[in-house]
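Side chains are part of it too, since the values below use all heavy atoms of this structure and drop only hydrogens, waters and symmetry mates.
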Amino acid sequence: MRIGVCDDSPQDQAAVMKVLKSMGLEADVFDRGEALQAAFWQQAYDLVLLDIEMPGTGGYELALVLKKQSPSCEIIFITEHMELVLDAFRFKPAAFVPKQLLIPELPKALGRILDKGKRNPVFVTKKKNRDRIVELNQVMYLKYIYDHEVQFTLKDGSCFSETGSMKRFEAELSGEGFIRIYSNCMVNALYIVRMEKDAVVLADGEQLAVARERRESVRKAYMEYLMKC
């Protein structure tokens, strides 16, 4: 894994590198966003650890550029100001780590990222006695249609239906990052790229309405998802 670290504080750089080395990881270190961006142009990093507040190009501005160049790049924001986290929805960060909790929390965040590829939960359908195994990371959202029929929409645009209730699927899938945004709809937080006042915007540009009474709980659930990704 190719890793980049960008922080204008030498002390914080040293603390991050200490954690990385303890996990057998190496990284290129930068004290300016412009320097990291130049290196990223040469060869994209798989993971970048960014200080949010830096002179010149800040962490959010830099994250926007890096994500445009390489959407698969994972980003960990490191900050002293956790109130800034809400502003970062659009960057789809892998984790947020408070600087004051760097030593205990950064290894956990790195461990989750390293384990991502090892765990790929599936959903098994049994409609019409024909079992079908679907990888959950391919499901964008599901909607209740009628008469206990729920339609699953996949990343490739295809759909399939399964017999059941939204209550049942909420119980099964909420622990896997699915958030119920309307009485008849659950969305995979993996594909949310932005939250509007009354909707979520998915990676393919589609917008799904969020029920008025669920807006705060949806935002909170999405924040919790981001914090433990």
Side-chain angles (χ1 to χ4, degrees), residues 1-82 84-120 137-138 155 177 188-194 202-204 222-223 225-229:
M1 175 178 280
R2 191 163 186 261
I3 302 174
V5 175
C6 191
D7 196 309
D8 61 309
S9 165
Q11 293 80 10
D12 291 332
Q13 288 179 11
V16 170
M17 291 305 297
K18 181 178 180 180
V19 172
L20 290 172
K21 288 179 180 179
S22 72
M23 300 179 69
L25 301 171
E26 299 181 351
D28 296 329
V29 182
F30 306 89
D31 59 7
R32 294 181 300 109
E34 295 84 354
L36 171 59
Q37 187 176 345
F40 202 91
W41 272 108
Q42 298 298 318
Q43 185 179 351
Y45 288 97
D46 302 301
L47 169 65
V48 175
L49 293 84
L50 291 177
D51 183 13
I52 292 179
E53 296 184 304
M54 294 183 290
T57 304
Y60 286 165
E61 184 181 355
L62 187 56
L64 184 62
V65 173
L66 301 186
K67 279 290 190 180
K68 284 184 177 179
Q69 290 180 230
S70 179
S72 63
C73 174
E74 299 277 20
I75 292 175
I76 294 178
F77 283 121
I78 300 174
T79 180
E80 291 178 338
H81 307 285
M82 290 304 287
L84 299 175
V85 167
L86 283 173
D87 298 327
F89 280 132
R90 63 189 184 279
F91 305 113
K92 196 67 178 180
F96 296 92
V97 177
K99 284 192 174 184
Q100 57 270 32
L101 298 175
L102 191 69
I103 299 302
E105 294 299 324
L106 183 55
K108 298 176 186 177
L110 290 167
R112 290 194 296 267
I113 292 171
L114 295 173
D115 286 341
K116 269 187 178 180
K118 301 176 183 178
R119 182 177 178 273
N120 189 14
N137 62 11
Q138 298 301 306
K155 179 182 178 182
N188 189 344
L190 176 66
Y191 291 100
I192 298 176
V193 295
R194 189 169 72 256
L202 305 186
D204 64 353
Y222 186 55
M223 271 295 299
Y225 168 81
L226 288 176
M227 294 294 287
K228 65 183 181 182
C229 278

Visitor: First locate atom SG of C6, then atom CD1 of I52, and finally report the distance between them rounded to the nearest 0.5 Å.
Guide: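 Result: 12.5 Å between the selected atoms.
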Visitor: Looking at D7 and K99, does any basic side-chain N land under 4.0 Å from a carboxylate oxygen?
Guide: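 A salt bridge links D7 with K99.
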Visitor: Would you call the rings of Y45 and F30 parallel, tilted or perpendicular, where under 30° means parallel and over 60° means perpendicular?
Guide: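 Ring orientation of Y45 relative to F30: perpendicular.
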Visitor: What's the separation between atom CG in L49 and atom CG in L106, rounded to the nearest 0.5 Å?
Guide: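 It comes to 6.0 Å.
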Visitor: Find out whether E80 and D51 are in side-chain contact, i.e. whether some heavy atom of one side chain is under 4.5 Å from a heavy atom of the other.
Guide: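 In short, these two side chains do not touch, never coming nearer than 4.5 Å.
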Visitor: What's the verdict on side chain to side chain contact (heavy atoms under 4.5 Å, CB included) for T57 and R32, showing C-alpha distance, side-chain angles and the deciding distance?
Guide: CA-CA 7 Å; T57 304; R32 294 181 300 109; over 6 Å; no
Visitor: Taking all non-hydrogen atoms of both residues, which atom of Q69 and which atom of Q37 are closest, and how far apart?
Guide: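 Result for this residue pair: OE1-CG, 4.4 Å.
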Visitor: What's the shortest heavy-atom distance between Y222 and A189, and which atoms?
Guide: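 Heavy atoms of Y222 and A189 come nearest at CE1-O, 3.8 Å.
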Visitor: Look up atom CG in D28 and atom CZ in F40, then write down how far apart they are to the nearest 0.5 Å.
Guide: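 Nearest 0.5 Å value for the CG-CZ distance: 12.0 Å.
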Visitor: From E53 CD over to S9 OG, what is the distance, rounded to the nearest 0.5 angstrom?
Guide: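 Here the interatomic distance stands at 12.5 Å.
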Visitor: Taking it one step at a time, do V48 and I3 satisfy side chain to side chain contact (heavy atoms under 4.5 Å, CB included)?
Guide: CA-CA 6 Å; V48 175; I3 302 174; over 6 Å; no
Visitor: Evaluate the side chain to side chain contact (heavy atoms under 4.5 Å, CB included) criterion for residues L50 and L36: first the C-alpha distance (whole Å), next the side-chain angles of each, then the deciding distance (0.1 Å), finally the verdict.
Guide: CA-CA 10 Å; L50 291 177; L36 171 59; 3.7 Å; yes
Visitor: Any idea which heavy atoms bring L20 and L110 closest together, and the distance?
Guide: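 So the two residues come closest at CD2-CD1, 3.6 Å.
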Visitor: Could you report the tightest heavy-atom contact between V19 and L102, atom names first, then the distance?
Guide: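 Heavy-atom minimum between the residues: CG2-O, 4.5 Å.
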Visitor: To the nearest 0.5 Å, tell me how far I78 CD1 sits from L101 CG.
Guide: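 Atom-to-atom, I78:CD1 and L101:CG are 12.0 Å apart.
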Visitor: What is the minimum heavy-atom distance between A109 and I76, and which atoms define it?
Guide: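 Of all heavy-atom pairs spanning A109 and I76, the closest is CB-CD1, 4.3 Å.
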Visitor: If only atom types and distance count, is the side chain of R2 paired as donor or acceptor with the main-chain N or O of Q43 below 3.5 Å?
Guide: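 Pair found, side chain donor or acceptor close to backbone of Q43.
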Visitor: Step by step, work out the side chain to side chain contact (heavy atoms under 4.5 Å, CB included) result for L202 and N188.
Guide: CA-CA 9 Å; L202 305 186; N188 189 344; over 6 Å; no
Visitor: Over all heavy atoms of both residues, which pair between M54 and G59 is shortest? Give the atoms and the distance, please.
Guide: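 For M54 and G59, the tightest heavy-atom pair comes out as CE-N, 4.0 Å.
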Visitor: Look up atom CG in D8 and atom CG in D31, then write down how far apart they are to the nearest 0.5 Å.
Guide: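 If I round to the nearest 0.5 Å, the distance is 7.5 Å.
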